[in-house]
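Because only heavy atoms are used, hydrogens play no part in the values below, and waters and symmetry mates are left out as well, while side chains stay in.
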Amino acid sequence: MGDQPLRSDKAGELRVADEGRQVRLAGWVASRRDLGGVYFLVIRDASGRVQVVIDPQADPAAGEIAKDLRDEYCVAVTGGVRRRPEGTANPDMPTGEIEVAASQVTVLSPADPLPFQIDDRSEVDETRRLKWRYLDLRRPRMAANLVARSRGVAAMRRSLERQGFMEVETPTLIRSTPEGARDVLVPSRLRPGSFYALPQSPQLFKQLLMIGGVERYYQIARCYRDEDFRSDRQLEFTQLDIEGSFWGRDDVLEALEQVIVEVLGDLRGIHLETPFPRLTYRESMDRYGTDKPDTRFGMEIRDLGAVFAGTGFRAFAGILDSGGVVRGINAGPRGLSRSGLDALGEIAKGAGAKALAWFVVEEGGTLRSPVAKFLGEAEVAGLVETFAAVPGDTLLVVADDAGVVAPALDRLRRHVGHPDPDALRFLWVIDFPVFEKAADGSLAPAHHPFTSPHDVDEMGSDPEHALSHAYDLVLNGSELGSGSVRIHDPAVQRRVFEILGIADEEAESRFGWFLEALRYGTPPHAGFAVGIDRLVSILQGEPNIREIIPFPKTQTGADPLTQAPTGASAEQLAELGLAVVGEAAGEEAGGADPAG
RNA sequence: GGGGGCGUGGUGAAGCCUGGAGUUCACGUCGGCCUGUCAAGCCGAAGAUCGCGGGUUCAAAUCCCGUCGUCCCCGCCA
């Protein structure tokens, strides 16, 4: 050994062209087959795997070591590359034409019996995978996901560097600006009783960079939001954050389209057509009932107001008279039983609708439905025509306030739709409203208060209809990210705070440092942030972002591997001027490392 | 905060509804045989407080209550 390099070649890269070469491999024992007079090993490293043959007759020493090898031993192998004997090539392996005849085998590090097998043959309980995540990362699925993530991020950097962006880091210990999501707080030792927050996004810092003359900024930014977990949400996650000066919305969208094209070219080997479709928020709500439509399938929402204008069906008439809407989708040929249709009704109710009216189109254009008897001939014909329905189609109709009908039809549509799992439908949703209506009917800001409204006067006079320069990127029904044109005029910013009900003094105390910055010649600027975990998880066909994160946390914020979070020692708490009180105080702070 | 699913040798599953001896299957582990295998094969063995606590019962993996862990969804995520 000594000065000799541990490895001369990567296991997965050996080919027939290497025949006759002496090579030195290092990797893990992926499998060992003992045929009684000859051993076959499969050696795996990050590049792939290759078969190694050990002949104890020719090499008694190597044979002795091979006898004791077990799965996942870390080993070094020296030997000659040779073509496999006639008829023994393995077409399923890229290295299947050759094998390495070992002359020397060294155990670099033995391995205990494994808590689960290193292959993708069976689903292993996720908590177990996370507890031994370093072993899970050796499995093909996770290894491939790490590679995909790395290549995706590299493609983003490549595209942005080519477009003249500069990567700048922003702090992760920042002032808390309690808006939106809950902050993750970090206590300060030097100022006991004071706290930093971890950034929910680099929002204000990237705007300061614009004021600082950076003009084209990007960052692969870790973000923290202390809200409940979902399959697409973790306590910490990663965004591609970008911002540009002297820029408008279309500049942002076009720059990002180039980034996405670069990523897809690398990860999927396809060239996406640009520009991506753009829907206004209004259009998206009308056609799909959501601001993140899955356009991999049709079933668009149709408005039936004209069909039922003056209807004798009192349920519909009453709703239309009081300003509600009657809308529906053609769910296509479902062949559903009564109970299946009732189950759809439950889905609609679960989304807030009072009822679902279903119609099955029969031969001759008549409708089978509990409410068919209330409808006139013209209404039946109108329904069939509006949905371009053919016999066998199931029509699902909801009548209520528009704000109730949209989510109900959205949920129904997603439930009955059959999206092509291989399709990738990127689109932009633009012109979001400034405010969205909460469940209780009150108006709440839909975006952060630095988002530029189309017209700040309209924002004050007609808040319900005011639009903002905010936009989202959507892929296959998932929100990948959002951005906006920012306010660069301090006067406008003050008006916006005012309209949002944030008093001058409050704005001053929370954001004074930022408002002052706006006063020193702020360039018009706009930007965006893309959820990298979400993007890669969809491209990898993974059901959740934990598969894309090397060391994720469980739904309760725990890490099964390290057991984080833990309590803190009395010494740590004392230094920080903190005391644990209430129920939490009863729990043992045993996990803390007193040596800290 | 709410609704739902899951928890059975090291791993994955079946068993649970309809209670009756820790029963079954595949993988892994350990030992033996085997000189061209590649999810090697064949033979044999070991390995479990059925997540935990309580209750019902003559009897609980199974039924009930609680609890812990985990996953999915609603709320929440400017």
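Taking only distance into account, the side chain of A:R84 meets the base of B:rU37 through a donor-acceptor pair shorter than 3.5 Å.
Backbone-only contact: A:E123 has heavy atoms under 4.0 Å from sugar-phosphate atoms and none from a base. Among the atoms of the strands shown, none is found under 4.0 Å from any heavy atom of A:D92. Contacts of A:R225 with the nucleic acid, taken as non-hydrogen atoms under 4.0 Å apart, involve only primed sugar atoms and P, OP1 or OP2.
Remark: aromatic rings of A:F237 and A:Y224 are distant, center separation not under 6.0 Å.
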Q. What's the verdict on ring pair (Phe, Tyr, Trp, His ring centres under 6.0 Å) for A:H525 and A:H488, showing C-alpha distance, side-chain angles and the deciding distance?
A. CA-CA 7 Å; A:H525 59 289; A:H488 66 280; 7.2 Å; no
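Going from the P atom of B:rC17 to that of B:rG1 covers 33 Å, rounded to whole Å. The separation of B:rC16 from B:rU62, taken at their C1' atoms, amounts to 4 Å, rounded to a whole angstrom. Spacing between B:rU49 and B:rC71 at atom P, rounded to whole Å, works out to 24 Å. Using atom P as the reference point in both B:rC27 and B:rC38, the two lie 14 Å apart (nearest Å). Taking the P atom of each, B:rG44 and B:rG20 are spaced 30 Å apart, rounded to whole Å. Nucleotides B:rC6 and B:rC50 place their C1' atoms 14 Å apart, quoted to the nearest Å.
Within the 4.0 Å cut-off from OP1 or OP2 of B:rU37, not a single side-chain nitrogen or oxygen of A:R33 is found. For B:rU70, one of the phosphate oxygens OP1 or OP2 lies less than 4.0 angstrom from a side-chain nitrogen or oxygen of A:T556. Between A:T554 and B:rU70 there is a side-chain polar atom (N or O) within less than 4.0 angstrom of OP1 or OP2. In terms of phosphate contacts, A:R546 brings a side-chain nitrogen or oxygen within less than 4.0 Å of OP1 or OP2 of B:rC72.
The distance from atom OG1 of A:T451 to atom CD of A:Q493, rounded to the nearest 0.5 Å, is 9.0 Å.
Here the side chain of A:S231 is nearest to one of B:rC27, B:rG36, B:rC73, namely B:rC73. Closest to the side chain of A:V124, from the set B:rU35, B:rU11, B:rC77, is B:rU11. Ranking B:rC72, B:rA39, B:rU35 by closeness to the A:R121 side chain, first place goes to B:rA39. In the set B:rU37, B:rG31, B:rC72, B:rG31 carries the atom at the smallest distance from any side-chain atom of A:R70. Side-chain proximity of A:R230 to B:rC74, B:rC71, B:rA78: nearest is B:rC74.
For the pair A:D228 CG and B:rC73 P, the computed distance is 12 Å after rounding to whole Å. Atoms CD (A:E227) and C1' (B:rC76) sit 5 Å apart, rounded to a whole Å.
With a 3.5 Å ceiling on both atom-pair distances, B:rU56 lacks any Watson-Crick or G-U wobble partner.
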Check the interface with nucleotides 4-7 of chain B: list each N/O to N/O pair with the protein under 3.5 Å, or write none.
none

Exercise answer: donor-acceptor pairs, residues 71-80 of chain A side-chain atoms, under 3.5 Å, sequence neighbours excluded:
| from | atom 1 | to | atom 2 | distance (Å) |
| --- | --- | --- | --- | --- |
| A:E72 | OE1 | A:R44 | NH2 | 2.9 |
| A:E72 | OE1 | A:R138 | NH1 | 2.9 |
| A:E72 | OE2 | A:R44 | NH1 | 3.0 |
| A:T78 | OG1 | A:R24 | NH1 | 2.7 |

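Contacts of residues 57-65 of chain A with RNA chain B (heavy atom under 4.0 Å): A:Q57.
The aromatic rings of A:F528 and A:Y471 sit parallel, their planes meeting at an angle under 30°, below the 60° perpendicular limit.
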